[in-house]
Amino acid sequence: MIGWEIEERPNIIGKIPVILFEQEKEYAGVEPMINRREYMTSRTADVNGRFSDPALVANAEVINNLPEKGEDSKYFKIKNPGSTNPLYCLTWDSAAESKKVEADDLEYQILSKSFTPKIDLETLKGLNSISGRALRQVMLLAFIKADKRKETHDGYAKRIGNLIKAIIGNVLDISLKDECEKMRLKHEFQEPFAEDITALLDDLMKSHNSGGMSLKTYVEKNPYIQDPEEELKRLEEEAVKKQEEYKERMKVNVFETAE
């Protein structure tokens, strides 16, 4: 049989049930540098395996007078003592430093150009405290990259919501079709690290005490308060109770003074 055998079926969902996420690689643009860095590591390992031990270079006169294996003697008898450098090791003095400079530069270029944070022990040591705010500062490059993706991912999220509504209203429960069509879904991008509550409360308290924030706003912004309206009622009741207690104390003080 040649060609395709096509079987048509009605799409009761009403939408194509496929969501395709397309995005270039996170390391796009720095692949050549990554390959070079990996090649250097692999090449260095090969060289170390073959030449890490000193390589002896000697003329024929020295080779003929090498000590036998197992002998402790390090003395070489040379027939022609006037020859130049009859015995030496072949090395490049700047080889290690040159490799290190290139490797460090490649690592820096890869991380910076791909907006990848450098997270290591030295970076974490520089933080005064491991808080959400501090971690966000360390991950600044990743946040910049994520912000660049939000516009594209926003469309994907809307597509997911529309497809879910179509599946519910056309397949799972047809009676909800009209309600699903009227439904308006919203989404937001969540921060991966929780806010530093201690620092947030300190900022709220300073702003409120200085007169730059009302009590209602302070209560609404407080992360520990689940129901701001109920909390405001409680604060009002406590304020009235304290006022009544203050008046009672003042009455007692007046009577004591009169006596």
Cationic N near anionic O, under 4.0 Å, [X] to [Y]:
X	Y	value
Arg234	Glu237	no
Lys233	Glu238	no
Glu102	Lys100	no

The criterion is side chain to side chain donor-acceptor pair (under 3.5 Å); which residues satisfy it with [X], sequence neighbours excluded?
X	answer
Ser214	Thr217
Thr152	none
Lys216	none
Asp147	Lys150

Do the numbers put Lys148 on top of the ring of Phe115, so that NZ or CZ is under 6.0 Å from the six-membered ring centre and no more than 45° off the axis?
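Lys148 over Phe115 ring: yes.
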Begin with the C-alpha distance, continue with both residues' side-chain angles, and end with the deciding distance and a verdict on salt bridge (charged side-chain N to carboxylate O under 4.0 Å, His left out) for Glu24 and Arg149.
CA-CA 11 Å; Glu24 68 273 16; Arg149 309 287 190 196; 2.8 Å; yes
Does any pair with a residue in residues 198-222 pass ring pair (Phe, Tyr, Trp, His ring centres under 6.0 Å), and if so which ones, sequence neighbours excluded?
His208-Tyr218
Between [X] and [Y], is there a shared hydrophobic cluster once you connect ILVMFWY residues whose side-chain heavy atoms come closer than 4.5 Å?
X	Y	result
Ile164	Tyr156	yes
Met40	Tyr27	yes
Leu185	Phe189	no

Extract all donor-acceptor atom pairs below 3.5 Å that involve side chains of residues 171-181 and protein atoms in other chains or at least two apart in sequence.
| residue | atom | partner | partner atom | Å |
| --- | --- | --- | --- | --- |
| Asp173 | OD1 | Ser175 | N | 3.2 |
| Asp173 | OD1 | Ser175 | OG | 2.4 |

Side chain to side chain contact (heavy atoms under 4.5 Å, CB included), that's the test. Do Glu26 and Lys145 meet it? Break it down for me.
CA-CA 9 Å; Glu26 294 292 349; Lys145 182 190 291 187; 2.8 Å; yes
